[in-house]
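All figures in this text were calculated on a predicted structure; none of them were measured in a lab. Numbering of ligands and ligand atoms starts at 1, following listing order. Residue numbers count from 1 along this sequence.
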Amino acid sequence: MRSLFEDPQDDLKKLPFEEVQARAERCTRCRLKDSRTRVVFGEGPVPCDLMFIGEAPGEVEDQTGRPFVGPAGQKLTEILASVGIQREDVYITNTVKCRPPGNRLPQKDEMDACWPYLEAQIHHIKPKIIVTLGNAPTQLLLRTSEGITKLRGQFFPWRDGIEVFPMFHPSYLLRNPSKAPGSPKYLTWQDIRKLKARLDELRASAPKPSEP
Ligand code: URA
């Protein structure tokens with residue numbers, strides 16, 4: 001008999017967070033199961049005001065089971081630190097939890113197969129702001145085919161009062177090191193300051209635990 005927790009039709013949002021992670025770690029919903037070394041579920045506090053969604057685990061992430069720990073992760077940590085945000089204080093995950101072969105972009109059916117895990121993570125993490133890094137997570141959440149260059153640096157109302165804030169992917173910044181005005185790096189330093197200001201504003205207006 002199938003256990004209560006193993007029905008693929010289950011609404012993962014209704015399961016405890018640890019069970020969602022356990023399910024992801026033995027997931028066989030798409031072809032990425034065949035090439036992965038480790039499932040990279042995500043890491044950070046739960047709940048958490050600020051959540052980052054990248055594209056897909058890369059080689060170092062696949063080896064370690066942790067998101068954004070390779071060169072792109074070091075760049076992300078640096079960007080966060082520039083406005084006083086510690087990496088340990090944000091939740092970080094990806095649109096898909098397994099590395100696509102050769103670091104190709106995740107395909108639509110792979111992101112769709114992984115969506116119930118991401119949706120359940122968002123449900124438990126309850127972020128005020130979700131930062132989408134690059135095209136894949138931005139287009140997935142905002143259901144658009146518009147590119148990151150047009151969408152970055154703006155707050156989009158999403159579900160349950162959550163705001164989505166697209167930013168360039170850190171790998172893109174590694175490939176484009178210029179800091180000249182208008183360059184991706186220059187725009188990202190503007191975006192991260194805008195993000196921090198909005199986060200501070202939302203935190204300041206949140207009811208204190210003692211308030212009704
Ligand atoms: N790039 C991503 O999009 N995610 C990771 O976890 C690492 C690199």
Side-chain angles (χ1 to χ4, degrees), residues 17 20-21 24-25 27 29-33 35-46 48 50-82 85-122 125 127 129-142 144 146-149 151-153 164-177 184-185 187-188 191-192 195:
F17 193 76
V20 179
Q21 177 157 359
E25 283 171 356
C27 183
R29 287 181 187 222
C30 86
R31 65 183 77 78
L32 297 181
K33 71 180 187 312
S35 50
R36 74 181 176 221
T37 310
R38 305 266 306 259
V39 171
V40 184
F41 183 68
E43 65 182 22
V46 183
C48 184
L50 186 55
M51 177 173 185
F52 286 77
I53 306 178
E55 290 177 340
E59 187 178 5
V60 191
E61 291 79 17
D62 177 65
Q63 292 295 327
T64 58
R66 296 181 58 207
F68 280 99
V69 287
Q74 284 163 25
K75 179 52 77 182
L76 177 61
T77 302
E78 195 186 302
I79 294 167
L80 293 173
S82 75
I85 300 175
Q86 302 303 308
R87 178 198 155 101
E88 296 69 34
D89 294 337
V90 305
Y91 194 92
I92 305 177
T93 189
N94 285 295
T95 60
V96 293
K97 311 305 187 216
C98 301
R99 181 192 183 203
N103 288 352
R104 66 161 168 75
L105 284 172
Q107 294 173 359
K108 166 94 174 53
D109 63 332
E110 295 160 353
M111 290 191 279
D112 288 347
C114 219
W115 172 249
Y117 298 114
L118 184 56
E119 196 181 31
Q121 284 175 303
I122 296 169
I125 292 160
I129 301 175
I130 296 177
V131 179
T132 50
L133 296 169
N135 275 321
T138 303
Q139 294 174 347
L140 180 73
L141 265 72
L142 297 182
T144 177
E146 195 65 80
I148 188 68
T149 305
L151 299 173
R152 54 142 283 278
V164 169
F165 188 71
M167 288 178 55
F168 285 125
H169 194 284
S171 300
Y172 184 62
L173 304 182
L174 291 173
R175 294 195 298 273
N176 293 276
K185 261 194 167 169
L187 297 172
T188 296
D191 292 351
I192 194 71
L195 171 68

| Per-residue contact class, Glu55 against ligand 1 - non-hydrogen pairs under 4.0 Å | both
| request: Say whether, by atom type as modelled, one donor and one acceptor occur between the side chain of Glu61 and the main chain of Val69 under 3.5 angstrom. | output: yes
| message | Under a plain distance cut-off of 3.5 Å, with no hydrogens placed, do Gln63 and Glu59 share a side-chain donor-acceptor pair? | response | no
| said: Checking salt bridge (charged side-chain N to carboxylate O under 4.0 Å, His left out) between Glu110 and each of Arg99, Arg31, Arg36, Lys33, which is the one that passes? | reply: Arg31
| query | Looking at side-chain heavy atoms only, is the closest gap between Glu43 and Arg87 below 4.5 Å? | reply | yes
| field | Part of Ala56 with heavy atoms under 4.0 Å of ligand 1, whether side chain, backbone, both or neither | value | backbone
| Among Lys75, Arg66, His169, closest by any non-hydrogen atom to atom 1 (N) of ligand 1 | His169
| message | Tell me the protein heavy atom at minimum distance from atom 4 (N) of ligand 1, and give that distance in Å. | response | Asn94 OD1, 2.7 Å
| query | Where the side chain of Asn135 meets the backbone of Gly147, is there a donor-acceptor pair that is under 3.5 Å apart? | reply | no
| query | Taking only heavy atoms of Pro67, which atoms of ligand 1 are found under 4.0 Å from at least one of them? | reply | 6 (O)
| said: Out of all atoms in ligand 1, which are within 4.0 Å of some heavy atom of Gly54? Include the element for each. | reply: 3 (O)
